[in-house]
Novice: 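Got a structure here, written out as structure tokens. Questions coming.
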Amino acid sequence: MTEWTDPDTFAAALDRAETLEKGNYFEAFGEGDEIAHDAGIRLSRHGNDQWMSQTLNHDPTYWRTDAARERGFDEPPIHPDYLLACTMGPSVEDLSEKGGYFLGRDGVQLHDPEVYPGTELRVESTVEATRSSSSRPEYGIVTWETRGRDADTGEILLSYERTNMVPRREPLETDGGEPASDTVSDEDDPPSLPGELVVPDGPSFADFRAVLDRAEDRDAAVAYRHERGRTMDDTLVSGLPLSTLNTAKQHHDADYMADSPSGDIVTYGDVTRSIALGHARSDERTYRELAYGDERFHTFVTPGDTVYGFTRVLGADPDRGPADCGLVRFRHVAFNQNRTPVYSGTREAIIR
């Protein structure tokens, strides 16, 4: 009787065996399709604390009961970054497990700031648009709206729109000419910066408002770097995405990724993003997170890379929020040890 675990025999069996594939090709998506993601996740105190501690998000509202109650919560709530990652994670198997570049995310809305540990999340997506890629005929481009709902009440807790390249089962035929790019290159444009970058004197709303007023009549912008950095380790690169049910092999299958453009497993974009925002929040008196937009992931982040943060202050509205607060609009950029941008996005937050 043949022993299948004999190395030569097993190698021959592997060569003949058909692989049961995971994920969907581009052709599976049609505009208007509704997708209920089977995977669900229970938002836990442990998962929330792990996400926040590993990404340097140390706002006491999410750690201490007294600080949470001071800001109107019954107990330390679920952090928005963890909620976002847990909404995206269960969608990966259906939407983007086949791979392809994450082109961007927009319109991230926090519909209810009072989300507490123990909430069970149900995730659903709608195909908003599909189109061909002009530069990569082996891929198509899909945009989805994804919503995370409270499984008990049906209430939408968080929603966003994201766009990915998704591999085609059958690449498009081309005429053999040079494909046009999907993006407009600005390599020939000279760098254009204001004459001066100014910094707020402190972390409060009044400090942001005052520095914007100082910059208004000058050739100046409010922009600054954050001191902290965070080097990508196994927990960040593989542990956090797997804990949010993100099954994309790009984050945990080093063998598969060895021949990829990155040459290694890559960090889940929401980990990179959360680290960048954590750096920024450490220099603010944040009262409440509101919304995020125009999020882009510019290049790979791999194990051993260090992520730093850079912030521009775009505006401040004293009429939004409680009497002792105001709304501040930011644009954040995460960059690596080579000073290369790896993430950028806008953010609105109420600042004390």
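Positions are given from 1 along the sequence.
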Novice: Using the salt bridge (Lys or Arg N to Asp or Glu O under 4.0 Å) rule, collect all pairs that involve residues 271-295, keeping only residues at least two apart or in two chains.
Specialist: Asp81-Arg273, Asp81-Arg281, Arg105-Glu295, Arg273-Glu295, Arg281-Glu289, Glu284-Arg347, Glu289-Arg347, Asp294-Arg296, Asp294-Arg331
Novice: Once salt bridge (Lys or Arg N to Asp or Glu O under 4.0 Å) is applied, what residue pairs with a partner in residues 40-53 remain, sequence neighbours excluded?
Specialist: Arg45-Glu75
Novice: Given 3.5 Å as the limit, does a donor-acceptor pair link the side chain of Arg230 with the main chain of Gln54, or not?
Specialist: yes
Novice: What side-chain hydrogen bond (donor to acceptor under 3.5 Å, both in side chains) pairs are there with at least one residue in residues 194-208, not counting sequence neighbours?
Specialist: Glu196-Arg218, Ser204-Asp207
Novice: Quick one: OG1 on Thr55 to OH on Tyr82, what's the gap to the nearest 0.5 Å?
Specialist: 12.0 Å
Novice: Please determine whether the number of non-hydrogen atoms from other residues, nucleotides or ligands lying under 6.0 Å from atom CG of Asp234 exceeds 12.
Specialist: no
Novice: Leu197: what forms a side-chain contact (heavy atoms from CB on, under 4.5 Å) with it, not counting sequence neighbours?
Specialist: Pro194, Ala221, Ala223
Novice: Only counting residues at least two apart or in another chain, list the ones meeting ring pair (Phe, Tyr, Trp, His ring centres under 6.0 Å) with Tyr101.
Specialist: none
Novice: Any chance you could measure Asp270, atom CG, to Asn246, atom CG, to the nearest 0.5 Å?
Specialist: 8.5 Å
Novice: Who are the ring pair (Phe, Tyr, Trp, His ring centres under 6.0 Å) partners of His252, not counting sequence neighbours?
Specialist: none
Novice: Go through the structure and list residues passing side-chain contact (heavy atoms from CB on, under 4.5 Å) with Asp94, not counting sequence neighbours.
Specialist: Asn24, Ile35, His37
Novice: State the NE2-OG1 distance between His226 and Thr311, to the nearest 0.5 angstrom.
Specialist: 2.5 Å
Novice: Measure from NZ or CZ of Arg162 to the centre of the six-membered ring of Phe102, then state whether that distance is under 6.0 Å and the direction lies within 45° of the axis.
Specialist: yes
Novice: One thing to verify: whether Arg147 and Glu124 come together as a salt bridge, which I'm taking to mean a side-chain N less than 4.0 angstrom from a carboxylate O.
Specialist: yes
Novice: What residues form a salt bridge (charged side-chain N to carboxylate O under 4.0 Å, His left out) with Asp213, not counting sequence neighbours?
Specialist: Arg209
Novice: Partners of Tyr25 by ring pair (Phe, Tyr, Trp, His ring centres under 6.0 Å), sequence neighbours excluded?
Specialist: none
Novice: Please enumerate all residues that pass side-chain contact (heavy atoms from CB on, under 4.5 Å) together with Glu227, with sequence neighbours excluded.
Specialist: none
Novice: With sequence neighbours excluded, tell me which residues meet side-chain contact (heavy atoms from CB on, under 4.5 Å) with Val333.
Specialist: Phe310, Pro341, Ser344
Novice: If the condition is salt bridge (charged side-chain N to carboxylate O under 4.0 Å, His left out), which residues does Glu170 pass it with, not counting sequence neighbours?
Specialist: none
Novice: Please round to the nearest 0.5 Å and tell me the distance separating atom OH of Tyr160 and atom OG1 of Thr87.
Specialist: 6.5 Å
